[in-house]
Each structure stands twice: as C-alpha cells, then as structure tokens.
Amino acid sequence: MSGSRNATRSDSRPAESGASPRGRYWRLVAICLGAGAVFAVLFYLWGRELFPRAAGRWGSTFPFVGAVALTLAVALFLSEWFGFAGREVRKVRLAARDFLFLCSLALLLFFAAKAVIDLIAEIPSLGRGVPTRVYAYLIPLPAFAMVVRVLINSETAILFTVAASVLSAAAAAGSWPALLFLLLSGTAGAARARRIPYRYRMLLAGVQTAPVCALAAAALEFSFHGGGEALWAGIFGAVNGLLSGPIALAVMPVAESTFGYASDIRLMELSGTGHPLLSRLMVETPGTFHHSVVVGTLAEAGAHAIGANPVLCRVASLYHDIGKLGKAQYFSENQAGAANVHDALSPGLSRAVILSHVKEGVRMAEEFRLGDRITEIIEQHHGTSLLYCFLDKARPMIQDRKASEEMFRYPGPKPKSREAAIIMLADAAEAAVRSLSRPGPQEVDEAVTGIVNRVYLDGQLNECDMTLRDLHAAGRAISQVLAAVTHSRVDYPASAV
Ligand SMILES: [Fe+2]
Ligand SMILES: [Fe+2]
C-alpha cells in the first residue's frame, strides 16, 4: 500500500506521486484491460442471453468475437472515464489501488445484478406474477455507491455510480428504466452517506435512501411500462434502499482490509485507548500521549471551524507521533525536568533521531494496519519544515559549510489534505505554547498567529486545499481552545488542599 499512500484522501485523494505519468498510464491501462477481460468472461457466459441479435448474426463465433470486442470496449470506457476524471477533476486523483478497488466493485455489482435478475425469478412464489425486468430495481448500486463515498470521496462516488450503472444495466438487458434507476439510486445512496462515524448512521442513510428508490422505481415503471407493476417496482426499490445500509456495512470491512482504506467507523474504533499502540504510548511516553490528546482536541476544533473531517483530525492526532515510541527521552515532552539528552549529542545526531520519528511512525502505522488516512497524516504532519530547535545549535556547522540548512528539514511530503494541514498547525502550536511559562490568552494568540504565519510563509500549505480564510479560521479555533486548555489556574492556598 505504500505506493499509493502519497495519494491523499479526505476528502482529497491525489495520485501516486512516486510513479511517472507514463507508468501510471500503463498501470491504468493494464487494470482496465483486466477488468474488461473479466467482463468478457461474463459475456462468454451470458452473452447470448444479453445480446441475442448479435449472437444470431455471428453464429458459433459469437462468444469469442463478442468477448474480444467487449473487453476492448469496457477497458476503453473505464480508462477514458476514470483517466479523464483523474486528470481534470481536482479531487479525483486515483491511485492504482483505487482503480483496482473500483473495478472490483463494478464487477461484483455486475455479478450481483445478474444474480438478482436470474435467481429471484426462480423463486416460485415471486416469479409467478412479477415480470423479470422489475427485479432490476433490486440491483444494489446504492450500497456500493455509499461504500465508495465513505472510503474514497463524493466525487469518485459520482463517477463510480455512472460507470457502474452503465455496466450493470447490461445485466438488465440494457433497459432504459434499469439504467435510469441505477443512476438515480446510486446518486441518492452516495448523497446520504455523508460522514458515517457509527454503524447506525449507515443504516440510517439506507433508510433515507429507500423512499427515493421506491419513488424512482415506481415512476420509471409507470412511465415506461404503464402502471401494472408500479407497486412491485416501488416495493423492490424500497427494499433496495433499506438493504443498502447492511450491504455497505458488510462490504466495507472487506474493502478496508484488502485495499488498506480506513472509514470513519474504523477511525472511531481506533480512537479507543485499548489499541496496543495507544496503550504503549500512554505507558512508555506519557508526555507524547498527553501532547497527542491535546493536539487531537485542537485539530478537532480546527476541523469544525472549516468544515474538514473532525473525526479524522482527532484520531490521526492521537497516532501522529507513534514513531517516538522507544525513543521517548529524545523528545522534550517526555523529559519532565530531567537533563536534556541532546546536550550530549551533536546537532547531526539529534537531527537524525528527531527526523526518524516520522519514518518510524509510518512503518508502525503500516504494521498495525491503521489505514491510509492515518498513515498519510503521520507522514505529512511535519511536511518539509525546519527543525528550528537544533538550527541555532547547528549554525556554526552551517557557517563552516559542514552542513546546510536543508539538512535540518523534515523529508516531507507536505500536507496534501486540509486535515493534515490542521494537524501540522495544531502540533506546532501546542509545542510553541508549551514552551511559554504561564501563558495568558494574549500570549497564546500571538504564539498561534506566529505559527500560522511561519507555516504559511514556509510554503508548507502549498499542496493542500487550505484557503487563506480556512487558515485564519482554523488558527482562531486552535488559539481559542489552546487558551482554554492552558489558562493559568487560580492558585489554591496550601491550607485548602
Ligand atoms: Fe511529530
Ligand atoms: Fe507532535
């Protein structure tokens, strides 16, 4: 998964920065050809049934000629559709892993569509009075569109809905009502799957999708085939909507473990202090744990202020410094008045230890399968910023040209999402205010403003979607919460204790 990690999500998800454009193109073509080939197999199995006219014209060579033609057509469609969107739509930057996931889902949906239409018709009590075409309203596209929105983003969910509707409509013999219903129901499902931190919210999204699906199915049936089966169509549409929540909940864990995604539900599970990494952080590096909790509170407030994802901000903050485990004494928050170990180290050695916590954090996140979103934020939370605390100590070396200022920068990458940028600000602000003795609201505000200006002028926010308005709003929210958290307490008289 590390290859696709530079792709960012949240709500924004850039492509792999490591691969060349040519390499990405050929990988995309290979995946699309693979997906097309699977469709060709499906075509070989059911082609005669789905395309009777072509089957009659080509005779015995039909399955082979049709399979090749369909492979090319599906591959071309997928690569053009997702390739164009990937280049031109800002929030659609799909990595190879995402293409694989979307193509797998589209194929799974095709199978599900075929199963719905073929198998349910076999059930004697149902199959008697209801024509087969009505079963198309049970094709579970709303559930799949919800999964794509929750695991990737809304822009990709719309693209997926259109592509999967076109492909799955083939299972319903390419009928117009089926295609229109799939487009509408998929969009309705994706639209209602916004911010799902709890399972019941997914079920609720399905319940809210059901009336739209029911109305759409009944209206389409009425307008294309008269009112005879409109009631059945409405019932099937409603059942489809109601089942979309449970189906999405069943598909999501499989997708998360196979493709390395992390939904908000998974993030909520990770936020419990029972996770082995958080337990270790709490026991072995209590200073870092406390710092992470405070950064989480600040980042959550910053996210609320600009409409970013607060759950992601809070949970990723808890894990952002896990790379410090095992090296607690090298980080100021864990020294608690003890001698500073860096006094005995050269600036170069100190630099190596401090910089390594990012790489080590990424390694641990991958080992513990924390998911792509947390791993990306761990990797980006210092961007390419300078290690200011050792820069002064290293000045003589820099002047003697034995070192350069660039050596005292984190390796990056810079934050690619607003959530990563907020955590970078909250992290730096917490550290800056911690170094103040008895800070009041005024001092906290000045320190946070200084951090915001420094991060912005250093170009650390050049690769994310943060606007200046967002930056000021997030900075203000962080400052307010930090002032409340660090306000000077009223001193109790000793006798009162
Ligand atoms: Fe850090
Ligand atoms: Fe930190």
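The basis for the numbers below is simple: all heavy atoms, side chains too, and nothing from hydrogens, waters or symmetry mates. The first residue of the sequence shown is numbered 1, and numbering continues consecutively from there. Owing to the predicted nature of the structure, the values given are computational and were not obtained by experimental measurement. Ligands are counted one by one from 1 in listed order, and the atoms in each one are counted from 1 as well.
Looking at K327 and E284, no side-chain N of the basic residue comes within less than 4.0 Å of a carboxylate O on the acidic one, giving no salt bridge.
Aromatic ring centroids of H357 and F331 lie under 6.0 Å apart. Remark: aromatic rings of Y319 and F368 are distant, center separation not under 6.0 Å.
Protein-derived N/O/S atoms nearer than 2.8 Å to the Fe ion (ligand 2) total 4, waters excluded.
Judged by distance alone, the side chain of T285 and the main-chain N or O of T288 form no donor-acceptor pair under 3.5 Å.
Between Y410 and H382, the ring-plane angle classifies as parallel under the 30° and 60° cut-offs.
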Expected list for residues 446-456: side-chain donor-acceptor pairs under 3.5 angstrom, two or more places apart:
| from | atom 1 | to | atom 2 | distance (Å) |
| --- | --- | --- | --- | --- |
| E446 | OE2 | Q442 | NE2 | 3.2 |
| T449 | OG1 | D445 | O | 2.7 |
| N453 | ND2 | T449 | O | 3.4 |

